[in-house]
Amino acid sequence: MEQINITLPDGSVRQYPKGSSGLDVALSISEGLARNVLAAKVNGQVWDATRPIEEDAQLQLLTWNDTEGKGAFWHSSAHLLAEALEALYPGVKFGIGPNIEQGFYYDVDLGEQTLGETDLATIEQKMAELAKQKSEYSRRAMSKAEAVQYFQEKNDEYKLELLEGLEDGTITFYQQGNFTDLCRGPHIPHTGFIKAIKLLNVAGAYWRGDEKRKQLTRIYGISFPKAGELQEYLKMIEEAKKRDHRKLGRELELFTFSEKVGMGLPLWLPKGTMLRERLEQFMRKAQRRAGYDQVVTPHIGNKELYVTSGHYEKYGADSFQSIKTPNEGEEFFLKPMNCPHHCEIYKAKPRSYKDLPVRLAEFGTVYRYEQSGELHGLTRVRGFTQDDAHIFCRPDQVKDEFKKVIDLVLYTFSALGFENYTAQISLRDPNNKQKYIGKDEQWERAQLDIIEAAQEKGLNTVQVEGEAAFYGPKLDFMVRDALNRSWQLGTIQVDYNLPERFQLEYAGADNQKHRPVMIHRAPFGSMERFVAVLIEHCGGNFPLWLSPDQVAVLPISENMPITPMKCCSCCRSTRSAAR
RNA sequence: GCCGAGAUAGCUCAGUGGUAGAGCACUCCCUUGGUAAGGGAGAGGUCGGGGGUUCAAGUCCCCUUCUUGGCUCCA
């Protein structure tokens, strides 16, 4: 029989009969390994462990310890979910059912039916029952015509739409038990691997992420090869819930919300205010050292201000509506940004190249009409305070200023114990340039300045196209909360646009007028979001210097109130003296 | 904004059509010189708001406000 050479990750090369699968290789190594193999990486591509290998190849066997192994496991779990759904709800139509970072989901169209939490338990049971049957996941190549026919008969318009985007000859079906799905795979060998399943929640999700299209029911779940691991996972979720800033914020009396005041408008309680003011003090001090000047601007601005800035055109209709005065035609807006105000401060007097950079900082409270369904504790609100500043500088100073801001952000993060952040460079979408304002060459230069500054500061960054603000590229610092949701904190943004719109100028060494460049930046991002993430980060146990409760005076007995009272007032006066 | 799930005492929650409940917190009394948890008594709710069905609604139906899990959005 013809032999092929299989190269294993340790570099050793073994010979196997042509058509051997990853699983066969595993079996030849040890039975234990074979029991744990979920998928196989063949020449860098993840395959089914059972798929025959026809020529010489690099092979890596994937188990639960590999991200890709987990991925296949969860993807297969999604198919198992679909099989259970089809058994319980005949006629159900399927959208997509991928694995995600933690688990899997399947988008389904249940017609008129809705699912409650109680239905999830029933589906879980069905899944467990099906898993026990150890049905093999079998792969089958299909012609496009056959595939279309299959889903036409099944009357599943979603799969038919997916098929439209696929080329004939690349289409594969996977079947386990009674369930067949359009799928590129790979999958685990059989359903018996899936020992523990938990369906976590149901949610609506638009078909293909388009809010104009039909909303499907998305069922989220997670599964494990061992029951114990599920228990651990559920325990971890419980622990994370204990750190939820909304719960701790209430318990520690940091902030509250009122239906009467309005949704998304936080009320800071005395203790929360103490915490927030200490953070502000920290930032003020750091910024003073870094050469910033503090300014204060009003909470509203004339409509003309935002027409000039471009925000009116872009967001006017989707924001809080204007404030009118008794005078005909006079309109003001709650400020959604501090930058237009700061531009006017810059313009208050003539500037020389010798004055630059001008760094104007403000804890500026802004109001944005966020969609109601988006509001979330302190992390997504309609009124919040940015630790904002705008740096007006010469084009040749941009990169250097950018690096100084990176220093400030990193100083802030390290002082507050944030180590697990990621930095993202957000670039414009090169295929959709009309979404942005400003000239091509300005964008090119700004993007390059950011990339170089980040590189020279040794930041680990990811670059994402299409994530830039409409006026310029940016560098965002993201932190994950207790529930593993990712939030943007600090941000640094280059802006070649507002200086143009506001006709900002400075006199150069050549005695000509020049256009300054603006850098927007906020190391915390917003006080609200930062406090939220900080609460979750330390589980409410703030560093002493930030804590609203730094000292507790406990009387020996309740009959001894005098001395403790003295202690309290002594602590209070010492503290205020220390400020 | 959309789909799902919710809203009962300050907090966490029980209460499936028949006199509104528990634990913790709170107030008062007793007890207590040692770190949030001793004993007793008490106060506290037009069951988010409005309408409907019913002899009778916290409970069933409709509307609305807010919260929540996602989706879409995020200057």
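A, B, ... follow the sequence lines: proteins, then strands. Residue 1 opens every chain.
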- Message: Strictly by salt bridge (Lys or Arg N to Asp or Glu O under 4.0 Å), give each pair with a member in residues 74-99 of chain A just once, sequence neighbours left out.
- Response: Glu86(A)-Lys154(A), Lys93(A)-Glu157(A)
- Query: Just to confirm, is there a sub-4.0 Å distance from OP1 or OP2 of C2(B) to any side-chain nitrogen or oxygen of Tyr206(A)?
  - Reply: no
- Query: Within the structure shown, what part of the strands sits under 4.0 Å from Arg250(A) by heavy-atom distance: base, sugar-phosphate, or nothing?
  - Reply: sugar-phosphate
- Item | Sequence-distant partners of Asn302(A), side-chain contact (heavy atoms from CB on, under 4.5 Å), two or more places apart | Glu304(A), Phe332(A)
Using a cutoff of under 3.5 Å, can you pull out all pairs of nitrogen or oxygen atoms linking the protein to nucleotides 23-25 of chain B, with atom names and distances?
none

- Item | N or O in side chain of Ser372(A) less than 4.0 angstrom from G1(B) OP1/OP2 | yes
- Message: Here's a test of your reading of the structure: between Asp210(A) and Met337(A), which maps to the more 5' nucleotide of RNA chain B?
- Response: Asp210(A)
- Pairing partner (Watson-Crick or G-U wobble, both distances under 3.5 angstrom) of C60(B): G52(B)
- Item | Euclidean distance for C1', G6(B) against C13(B) (whole angstrom) | 14 Å
- When both distances are under 3.5 Å in a Watson-Crick or G-U wobble arrangement, the nucleotide paired with U12(B) is A22(B)
- Query: So which nucleotide from G69(B), C74(B), C66(B) ends up closest to the side chain of Arg380(A)?
  - Reply: C74(B)
- In whole Å, what is the span from the CD atom of Gln215(A) to the C1' atom of C73(B)? 14 Å
- Query: Do the ring centers of Phe320(A) and Tyr369(A) come within less than 6.0 Å of each other?
  - Reply: yes
- Message: Taking only side-chain N and O atoms of Arg246(A), does any of them lie within less than 4.0 angstrom of OP1 or OP2 on U67(B)?
- Response: no
- Separation of atom NZ in Lys241(A) from atom P in U68(B), rounded to whole Å: 14 Å
- Pairing partner (Watson-Crick or G-U wobble, both distances under 3.5 angstrom) of A36(B): none
- Taking a pair as Watson-Crick or G-U wobble with both distances under 3.5 Å, which nucleotide is matched to U27(B)? A41(B)
- Spacing between Asn338(A) atom CG and A75(B) atom P, to the nearest angstrom: 15 Å
- Item | Nearest-Å distance once atom P is located in both A43(B) and C66(B) | 36 Å
- Note on the structure: note: Leu267(A), atom CG; U67(B), atom P; distance rounded to Å ~ 12 Å
- Between G70(B), G1(B), A75(B), which nucleotide has the shortest distance from any of its atoms to the side chain of Glu211(A)? G1(B)
- Query: C74(B) P sits how many Å from Phe470(A) CZ, rounded?
  - Reply: 11 Å
- What does Tyr105(A) touch in the nucleic acid at a heavy-atom separation under 4.0 angstrom: a base, only the sugar-phosphate, or nothing? nothing
- Message: Heavy atoms only, 4.0 Å cut-off, all strands: where does Gly209(A) land among base, sugar-phosphate and nothing?
- Response: sugar-phosphate
- Item | Residue whose nearest RNA chain B nucleotide is more 5′ - Cys339(A) or Gly373(A) | Gly373(A)
- Under the side-chain hydrogen bond (donor to acceptor under 3.5 Å, both in side chains) test, which residues partner Glu229(A), sequence neighbours left out? Trp64(A)
- Message: Please give the distance between the C1' atoms of U27(B) and U19(B) as a whole number of Å.
- Response: 27 Å
Identify every side-chain donor-acceptor pair in residues 357-366 of chain A under 3.5 Å, counting partners at least two apart or on other chains, and give the distances.
from	atom 1	to	atom 2	distance (Å)
Arg359(A)	NE	Glu401(A)	OE1	2.9
Arg359(A)	NH1	Gly291(A)	O	3.3
Arg359(A)	NH2	Glu401(A)	OE1	3.4
Arg359(A)	NH2	Glu401(A)	OE2	2.9
Glu362(A)	OE1	Thr297(A)	OG1	2.9
Glu362(A)	OE1	His342(A)	NE2	2.7
Glu362(A)	OE2	Thr297(A)	N	2.7
Glu362(A)	OE2	Thr297(A)	OG1	3.0
Thr365(A)	OG1	Thr385(A)	OG1	2.8

- Task: For G17(B) versus U59(B), give the span between their P atoms, rounded off to a whole number of Å.
- Result: 11 Å
- Message: If the cut-off is 4.0 Å, is His376(A) near the phosphate of U67(B), judged by side-chain N/O to OP1 or OP2?
- Response: no
- Message: I need the CD-C1' distance between Gln371(A) and C66(B), as an integer number of Å.
- Response: 17 Å
- Protein-nucleotide distance (Arg208(A), atom CZ; C2(B), atom C1'), rounded to Å: 19 Å
- Message: At 4.0 Å (heavy atoms only), tell me whether Phe257(A) reaches a base, stays on the sugar-phosphate, or touches nothing.
- Response: nothing
- Who does U67(B) pair with, Watson-Crick or G-U, both distances under 3.5 Å? A5(B)
- Message: From C-beta outward on Met263(A), which listed nucleotide comes closest to its side chain: C66(B), C3(B), C73(B)?
- Response: C66(B)
- Between atom CZ in Arg521(A) and atom C1' in A75(B), what is the gap in whole Å? 17 Å
- Query: Taking only residues two or more places apart in sequence, or in another chain, which ones meet Arg184(A) in a salt bridge (Lys or Arg N to Asp or Glu O under 4.0 Å)?
  - Reply: none
